Amino acid sequence: MAASRAAGDTKPLRLGVLISGSGTNLQAIIDRIVAGTLDATVELVVSSRPSALGLQRAEKAGIQTLTLSKEMYANPMAADEAIASELYQHKVDYVIMAGYMRMVHAPILATFPNRVVNLHPALLPSFPGAHAIAEAYERGVKVTGVTVHLANAAYDAGPIIAQRPVAVREGWSVDELETAIHEMEHVLYPDAIQLLAEGRVQVRPNGTVAIS
C-alpha cells in the first residue's frame, strides 16, 4: 500500500487524476501547480474515454496518460486492478477523481486507503448521485455548493474534507447554476488538495475529517 502523507513532508504531493470528459478540474489543478500555489505534481492521468478532452490538456502539460477500452471496463474489477497497478507504479500519493464517471472499487480503494478523493457538485449529504445540480435546482434550494470528500465503497458517502456554498440567485437557469458550481469547483478542489499536500487532513475513527 502507498504510504500515508505525513505532516511536514516537504516533497510535492504526487497525484494520479481520473477523468472522463473535458478535464476542467484537471486544468485547474495544473494551473495552480504552475502558479506555485499547489505543492503537487500530476504523475498520471487516466481516462475512461479515449475522446476525453482532458487527455489533450494532460498531453499539453507533458503528463503521461492512460486510456482504458470499453472492453476493459466490461469487467470493472479488472479495470480497477489495472488502474491501481499503474497508479502504484507511478508512486502516486493520492488518487484524484476529476469528473470521473465511474465508481472506483476495491482494487483502487485498498491500494490507496483514505487517499482516493472525489468532487461532488452539491453539499453532501444532500443531493448525492449523478444529477446533483439538476436535483438541487428542481428542489428550489437557495444555497447549494461543492463538496470534496474521500471516496469509499459507499457512493458519495466518504469522509468530507471541504465544502463551500454557492448561493442560487433568483431567476437563474439550471445552466447558470451549473456554471457557478463549476467555478467554485475550480477553486475548492486545488485548495483541498493543498491541505492534503500539507499533511493537514486526518480521518478520525468515527469517519469524519479533522483539519489541523
Side-chain angles (χ1 to χ4, degrees), residues 17-32 45-57 68 70 73-74 76 79-80 83 94-105 108-109 114 116-196 201 203 206-209 211:
V17 181
L18 310 184
I19 66 169
S20 293
S22 64
T24 58
N25 278 297
L26 168 64
Q27 190 65 58
I29 291 167
I30 292 170
D31 290 347
R32 286 281 294 272
V45 169
V46 179
S47 177
S48 64
R49 294 174 55 237
S51 60
L53 177 60
L55 289 169
Q56 297 178 32
R57 297 179 188 272
L68 271 66
K70 282 185 177 180
Y73 276 112
D80 278 15
I83 293 169
Y94 279 85
V95 181
I96 306 298
M97 299 171 69
Y100 189 63
M101 301 308 293
R102 292 182 176 272
M103 284 190 69
V104 294
H105 302 88
I108 295 174
L109 295 172
N114 282 333
V116 180
V117 187
N118 189 39
L119 182 70
H120 185 74
L123 294 175
L124 292 172
S126 297
F127 305 108
H131 308 290
I133 296 174
E135 289 174 1
Y137 182 84
E138 290 166 5
R139 183 63 181 83
V141 300
K142 304 309 178 187
V143 176
T144 182
V146 178
T147 301
V148 178
H149 68 96
L150 296 170
N152 58 20
Y155 196 71
D156 289 339
I160 292 171
I161 298 171
Q163 292 181 306
R164 285 189 192 162
V166 173
V168 184
R169 295 185 183 177
E170 198 66 32
W172 262 2
S173 67
V174 67
D175 290 339
E176 288 171 312
L177 175 57
E178 183 172 359
T179 296
I181 290 285
H182 290 330
E183 288 174 353
M184 182 61 76
E185 289 176 349
H186 300 159
V187 175
L188 181 61
Y189 216 5
D191 283 353
I193 296 168
Q194 180 60 25
L195 292 176
L196 297 170
V201 176
V203 180
N206 68 355
T208 62
V209 166
I211 306 294

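Just so you know, these numbers come straight off a predicted model, no measurement behind them.
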Closest non-hydrogen atom pair, [X] against [Y]:
X      : Y      : value
Val209 : Pro159 : CG2-CB, 3.6 Å
Gly145 : Ile181 : O-CD1, 3.4 Å
Pro165 : Met184 : O-CE, 3.6 Å
Ala98  : Asn25  : CB-CB, 4.1 Å
Ile160 : Leu124 : CD1-O, 3.7 Å
Asn114 : Tyr94  : O-CE2, 3.8 Å

Kindly list each side-chain donor-acceptor pair under 3.5 angstrom involving residues 126-136, sequence neighbours excluded, with atom names and distances?
none

### Query
If you look only at pairs with a residue in residues 164-190, which of them pass as a salt bridge (charged side-chain N to carboxylate O under 4.0 Å, His left out), with sequence neighbours excluded?
Arg164-Asp191
Is the backbone N or O of [Y] less than 3.5 Å from a side-chain atom of [X], with the two atoms forming a donor-acceptor pair by type?
X      : Y      : value
Thr144 : Val166 : no
Arg57  : Ser22  : yes
Tyr137 : Trp172 : yes
Ser47  : Ala52  : no

### Inter-residue atom distance Leu53.CG - Ile19.CD1, 0.5 Å rounding
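These two atoms lie 8.0 Å from each other.
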### Nearest-0.5 Å distance, CG of residue Asn152 to CG of residue Leu109
7.5 Å
Report yes if some heavy atom in the side chain of [X] is under 4.5 Å from a heavy atom in the side chain of [Y]; otherwise report no.
X      : Y      : value
His149 : Asp156 : yes
Asn118 : Val148 : no
Val146 : Gln163 : no
Thr147 : Pro125 : no
His182 : Thr179 : no

### Query
Pairs in or reaching into residues 96-105: which pass side-chain hydrogen bond (donor to acceptor under 3.5 Å, both in side chains), with residues at least two apart or in two chains?
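Residue pairs passing side-chain hydrogen bond (donor to acceptor under 3.5 Å, both in side chains), neighbours aside: Tyr73-Tyr100, Asp80-His105.
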### Query
Can you tell which of Val116, Val17, Val46 makes a side-chain contact (heavy atoms from CB on, under 4.5 Å) with Val95?
Val116
### Query
Taking it one step at a time, do Val117 and Ile193 satisfy side chain to side chain contact (heavy atoms under 4.5 Å, CB included)?
CA-CA 9 Å; Val117 187; Ile193 296 168; 5.6 Å; no
### Criterion side chain to side chain contact (heavy atoms under 4.5 Å, CB included) on Leu18 and Val104, from CA distance to verdict
CA-CA 10 Å; Leu18 310 184; Val104 294; 4.0 Å; yes
